[in-house]
Amino acid sequence: MKIQLLPEGFDARIGDAVEAFWKGRSTPSKKKSKAKAKQGAGRDAVVSGQNMNVFADLVREVVQHCGIDPSSVHTRKKDVVLPGFFRATKNWDVLVIHQRRLLAVFEFKSQVGSFGNNLNNRSEEVIGSAADLWVAHHHHAFSDGPHRPRRGGIAEPSAGESDYSHDQADTDPALLNPTLRSDPRPPFLGWLMLLEDCEASTTPVKVQEPHYRVFDEFCNASYAQRYQILCERLVERQLYAAAALELTMRDSREHRALSEATSLRALFREFAGRMVAANG
């Protein structure tokens with residue numbers, strides 16, 4: 001029997017979400033307008049916020065379609081906080097927690113203009129957030145197990161245990177995602193970049209090579225292509241279960257991906273598969 005992973009008409013729902021994103025940008029709230037005045041338009045163009053909430057609604061629809069209680073989806077600011085390893089906490093955009101088990105974590109970003117100034121910042125954020133989450137998960141941050149006494153910010157070692165070892169010693173070569181060896185069903189981690197589809201984002205740009213050559217695939221690549229490479233490598237290196245780059249023209253419901261592998265539909269299809277398995 002063939003299982004339909006995504007709800008009926010899901011492609012149209014993605015279009016609705018893209019359209020709602022643009023409408024939300026054109027009618028900012030008073031609170032957002034004040035924040036924009038303080039922070040500057042460039043930063044406002046790239047941070048996640050209320051405009052991306054429509055994609056959280058898609059997460060809830062998929063969760064319900066897969067037979068999991070939609071109340072497992074958390075989107076309120078006070079409910080999307082997870083502990084970190086390199087920092088105390090991180091606020092994500094969506095968490096899915098079912099029967100006390102962390103099933104999924106999402107980060108949604110958008111970028112409209114200011115491409116050259118912000119792509120590296122977004123790259124550093126998405127890589128760092130994943131590294132922090134996976135090391136925290138490796139050390140059982142998302143379980144209800146007992147916390148050991150701490151000494152000066154470092155966990156108190158048991159007899160015969162080094163200062164930095166927990167249930168599993170960190171003696172293996174450094175891994176950004178060490179949980180691959182410790183958890184057969186780790187949380188689904190997904191990332192979306194919704195990028196303005198325009199000449200500035202799709203025209204090839206030069207790279208600086210004052211000392212060493214950059215990787216060939218970045219030469220003469222547009223900002224959109226650089227984001228696509230980022231998404232591909234986030235998944236290839238198993239930092240994210242799925243990462244999507246979706247391009248959309250200003251004030252439109254139309255959207256497109258540069259490849260099927262980095263499409264928004266592929267992200268939600270992979271997510272749905274995980275939810276079906278978790279509910280099995």
Side-chain angles (χ1 to χ4, degrees), residues 3-7 10 48 52-53 55-108 126-150 155 165-170 172 175-192 234-235 237-244 264 266-280:
I3 300 176
Q4 183 175 319
L5 288 177
L6 296 175
F10 194 74
S48 60
M52 300 298 284
N53 282 353
F55 295 96
D57 294 337
L58 297 182
V59 173
R60 187 173 287 103
E61 289 182 26
V62 171
V63 164
Q64 187 169 15
H65 175 74
C66 294
I68 297 176
D69 190 336
S71 66
S72 300
V73 179
H74 301 278
T75 59
R76 293 191 299 176
K77 186 175 181 180
K78 69 181 186 65
D79 295 329
V80 292
V81 182
L82 289 179
F85 181 82
F86 298 99
R87 55 186 167 184
T89 60
K90 153 75 175 167
N91 281 59
W92 297 87
D93 288 318
V94 182
L95 300 181
V96 182
I97 302 175
H98 179 58
Q99 298 178 348
R100 296 295 300 159
R101 179 183 166 204
L102 180 63
L103 295 184
V105 180
F106 284 89
E107 183 94 308
F108 299 133
V126 66
I127 295 166
S129 293
D132 192 30
L133 180 140
W134 289 124
V135 179
H137 179 59
H138 178 63
H139 291 295
H140 312 293
F142 314 131
S143 69
D144 290 325
H147 291 274
R148 298 183 343 187
R150 304 189 71 80
S165 62
H166 288 234
D167 293 346
Q168 295 180 334
D170 289 331
D172 291 329
L175 294 171
L176 281 179
N177 188 350
T179 191
L180 292 176
R181 299 187 180 185
S182 63
D183 187 351
R185 296 193 301 170
F188 174 94
L189 183 55
W191 187 69
L192 163 65
L234 290 173
V235 176
R237 306 310 298 179
Q238 301 185 32
L239 287 175
Y240 286 76
L264 189 52
L267 182 152
F268 277 106
R269 188 170 59 239
E270 180 70 23
F271 169 59
R274 289 284 197 94
M275 294 304 99
V276 169
N279 196 38

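The first residue of the sequence shown is numbered 1, and numbering continues consecutively from there. All values below come from the heavy atoms of this structure, side chains included, with hydrogens, waters and symmetry mates left out.
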Once side chain to side chain donor-acceptor pair (under 3.5 Å) is applied, do any residues pair with [X], and if so which ones, sequence neighbours excluded?
X	result
S71	D69
R100	D144
N91	none

Looking only at heavy atoms, which two atoms of [X] and [Y] are closest? And how far apart?
X	Y	result
A136	P83	CB-O, 3.9 Å
V63	P70	CG1-CA, 4.3 Å
A131	F86	O-CE1, 4.3 Å
F85	H139	CE1-CD2, 3.4 Å
L267	A242	CA-CB, 3.8 Å

[atom1]-[atom2] distance between [X] and [Y], expressed to the nearest 0.5 angstrom:
X	Y	atom1	atom2	answer
S143	L102	OG	CG	11.0 Å
R185	L103	CZ	CG	8.5 Å
H137	F142	NE2	CZ	7.5 Å
L239	L189	CG	CG	8.5 Å
I68	M275	CD1	CE	5.5 Å
T75	F55	OG1	CZ	15.0 Å

In this structure, which one of L95, D57, V96 forms a side-chain contact (heavy atoms from CB on, under 4.5 Å) with V73?
V96
Please lay out, stage by stage, how C66 and N279 fare under the test side chain to side chain contact (heavy atoms under 4.5 Å, CB included).
CA-CA 8 Å; C66 294; N279 196 38; 5.9 Å; no
Judged by atom type as modelled, is there a donor-acceptor pair below 3.5 Å linking the side chain of [X] to the main-chain atoms of [Y]?
X	Y	value
D93	A56	no
Y240	V126	yes
Q4	L6	yes

Sort and list the pairs that fulfil salt bridge (charged side-chain N to carboxylate O under 4.0 Å, His left out) and have at least one residue in residues 268-280, not counting sequence neighbours.
E260-R269
Quick check: do S129 and W134 have side-chain heavy atoms less than 4.5 Å from each other?
no
Does L82 reach the side chain of T89, with side-chain heavy atoms less than 4.5 Å apart?
no
Side chain to side chain contact (heavy atoms under 4.5 Å, CB included) between L133 and K90, intermediate numbers included:
CA-CA 9 Å; L133 180 140; K90 153 75 175 167; over 6 Å; no
List for me each residue that meets salt bridge (Lys or Arg N to Asp or Glu O under 4.0 Å) alongside D79, sequence neighbours excluded, and say none if there are none.
R76
Side chain to side chain contact (heavy atoms under 4.5 Å, CB included) assessment of L192 paired with M52:
CA-CA 10 Å; L192 163 65; M52 300 298 284; 4.0 Å; yes
N-O pairing of R87 and D132 below 4.0 Å:
yes
What do the steps show when you test L5 against V276 for side chain to side chain contact (heavy atoms under 4.5 Å, CB included), and what is the final call?
CA-CA 8 Å; L5 288 177; V276 169; 4.0 Å; yes
Under the ring-ring contact (aromatic ring centres under 6.0 Å, His included) test, which residues partner F106, sequence neighbours left out?
F108, F188, F271
